[in-house]
Amino acid sequence: MARADVLTPQGVDFPRWYQDVVAKAELADNGPVRGTMVIRPYGYAIWERLQAEIDARIKAAGAQNAYFPLFIPESYFRREAEHVEGFSPELAVVTHGGGKKLEEPAVVRPTSETIIDSFLAKWAQSYRDLPLLINQWSNVVRWELRPRLFLRTTEFLWQEGHTAHATEAEAHEYALRILREVYEDTMVNVMAIPVLVGRKTERERFAGATTTWSAEAMMRDGKALQMGTSHELGQNFAKVFGISFSDESGQQAYAWQTSWGASTRLMGALVMAHGDDAGLRLPPHLAPVQVVVLAVRTEDGAGEAAEKLVLELRAAGLRAQLDNRTQLSFGRRVVDWELKGVPVRVELGPRDLAGGTAVVCRRDDGTKSPVPLAGVVAKAKELTGAVQESLLQQARHRLAQGTVQASTVADAIEAAQSGFAALPGPALRGGEGEDELNASGVSVRVLQRPDGSLPSPEESPDGLVAIVARAY
RNA sequence: CGGGGAGUAGCGCAGUUGGUAGCGCACCUGCUUUGGGAGCAGGAGGCCGCGGGUUCAAGUCCCGCCUCCCCGACCA
């Protein structure tokens, strides 16, 4: 029997493929208000795994979780000029409450610098109170003109870190530490997505920041996705919110700050970095179900053997699930699990049982092999490691293959139609080149040193390399 | 906001010169099936985006409005 397309093939229409996967893998639905999103149980389970990994790393970096209000006085936003300018167009503002017009409108947070900083100002009195390292998991609202599930929604979930330090150097170090030890590490080692880390250009940086650091990844259509950002805020917010403290010599000084965030957009990255024409391909570290045991039929002891196998897999520390829905056809169930990206599938029917084996299949490359029943747990364990590694290698290969060295803006624009281009900084001609790129729908994603390392905040683009691409 | 499309069952769509609302998938019931999206039989499901108009009669024609999608400018 010929295999019919389950999804619109990536090569035919990538955005359509993305929508198909999100719907058919039961990750999310559109909400009733434009731009809002319902994250379905399977999608939320993946997000919870991701959250746990990021949260653990944030705590390892010394930050503590807290929670600040959803509503922010409108006046707070007006205090930092660049910040208000950057966010005004996408604010949702509450003007009425309890049936009355509010004396001061409340902004629904699009980010929480202003409200958190107003409290950091109260908490920071002495240099002994610093650093203050706060993280919050929350929803935020930015009114979007062109929403896409996970990638750009009006309301989304994220974590936002906000810190205050005694010195600029310490804030700088901390912003980079988060970039490396929280974001890059999670993306590479958990999500199996290689990222390019670097500095944003002046025009791409966060509204109110002095420097923005970013981790960017390549999706399977060659476009870039910003995965997480870490900002150095200088003393911009400290000055307007009065985050000052007595330093060791008894002088009053303003704190140096950072802020950093990663959102449910990462779910979109997971789909677009690894997915294929059969659906999701989840890295085992994140998969809510790492191994599914599919009872082909339940007669002749096959059902019981499958149940037993699931218990053994769980005892070995794997997230395993039984599929004994024999009222559905075998093919349907296989297609379902492939759509959902489960890394390892074990097929067990009376025929296998009679031979003392099961068929073990890996999602990343579709290979199947018969394995003696007693060896299934070890094999599954081995494969979860192998699939994790293989997804990362495949993604690394695509990133390398999809990045070309360009010497002019025109070359870079050409290359960005299908992937990334590395463009020497001088070709940007102090922003003129960036204008040309932007006019063609291409942007500078990050600036790096020629050897791929991070530049300093001050280093001129002339000595750096611009990674340019079309972006989500 | 600029350009281009589309609103009919949960989803995807058809609906001719105006004449009682249709198909595929999904759903429900039963039987037969089950090693790559099963088959047969039966069944349920509709404010045809909203409001007006023309007409004996409007999903279809006319006017107005609303919404959504795609492409551009902004963005985690």
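These numbers come from a predicted model, not from an experiment. The sequence lines fix the lettering, A, B, ..., with proteins before strands; numbering per chain opens at 1.
- A/R79 forms a cation-pi arrangement with A/Y76, by the criterion of a distance under 6.0 Å to the ring centre and an angle within 45° of the ring axis.
- The shortest distance between the side-chain N/O atoms of A/R152 and the OP1/OP2 oxygens of B/rC75 is not below 4.0 Å.
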N/O contacts under 3.5 Å, protein versus nucleotides 1-8 of chain B?
none

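- The cationic atom of A/K340 (NZ for Lys, CZ for Arg) lies less than 6.0 Å from the six-membered ring centre of A/Y42 and within 45° of the ring axis.
- Test A/Q64, A/E160, A/Q159 against A/Q136 for side-chain hydrogen bond (donor to acceptor under 3.5 Å, both in side chains) and you get one pass: A/E160.
- Below the 3.5 angstrom threshold, one finds no donor paired with an acceptor across the side chain of A/K368 and the base of B/rG35.
- The side chain to side chain donor-acceptor pair (under 3.5 Å) contacts involving residues 285-305 of chain A comprise A/R297-A/E299, where partners must be two or more places apart or lie in separate chains.
- One can find a donor-acceptor pair under 3.5 Å joining the base of B/rG36 and the side-chain atoms of A/R345.
- With sequence neighbours left out, A/D29 forms a salt bridge (charged side-chain N to carboxylate O under 4.0 Å, His left out) with no residue at all.
- Among B/rG37, B/rA76, B/rU34, the nucleotide with an atom closest to any side-chain atom of A/R332 is B/rG37.
- Side-chain N/O atoms of A/R142 and base N/O atoms of B/rC75 include no donor-acceptor pair closer than 3.5 Å.
- Between A/F156 and B/rA76, a base-stacking contact is recorded: ring centres under 5.5 Å apart, planes less than 30° from parallel.
- Using a 4.0 Å heavy-atom distance criterion, A/V140 is classed as making no nucleic acid contact.
- Counting only N and O atoms by type, the side chains of A/R109 and A/T111 include no donor and acceptor under 3.5 Å apart.
- With a 4.5 Å cut-off on side-chain heavy atoms, A/W213 and A/E232 count as touching.
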Which nucleotides of RNA chain B pair, in dot-bracket form (Watson-Crick or G-U under 3.5 Å, | meaning another strand): (((((((..((((.....[..)))).((((((.....)))))).....(((((..]....))))))))))))....
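- A/V140 is listed as a side-chain neighbour of A/F156, based on a closest heavy-atom distance under 4.5 Å.
- No close placement of the A/H162 and A/F68 rings is indicated, their centers lying 6.0 Å or farther apart.
- Here A/T153 lies in heavy-atom contact (under 4.0 Å) with a base.
- Of the residues in residues 67-79 of chain A, none has a non-hydrogen atom less than 4.0 angstrom from any atom of RNA chain B.
- Looking at residues two or more places apart in sequence or on another chain, you find no side-chain hydrogen bond (donor to acceptor under 3.5 Å, both in side chains) involving A/E144.
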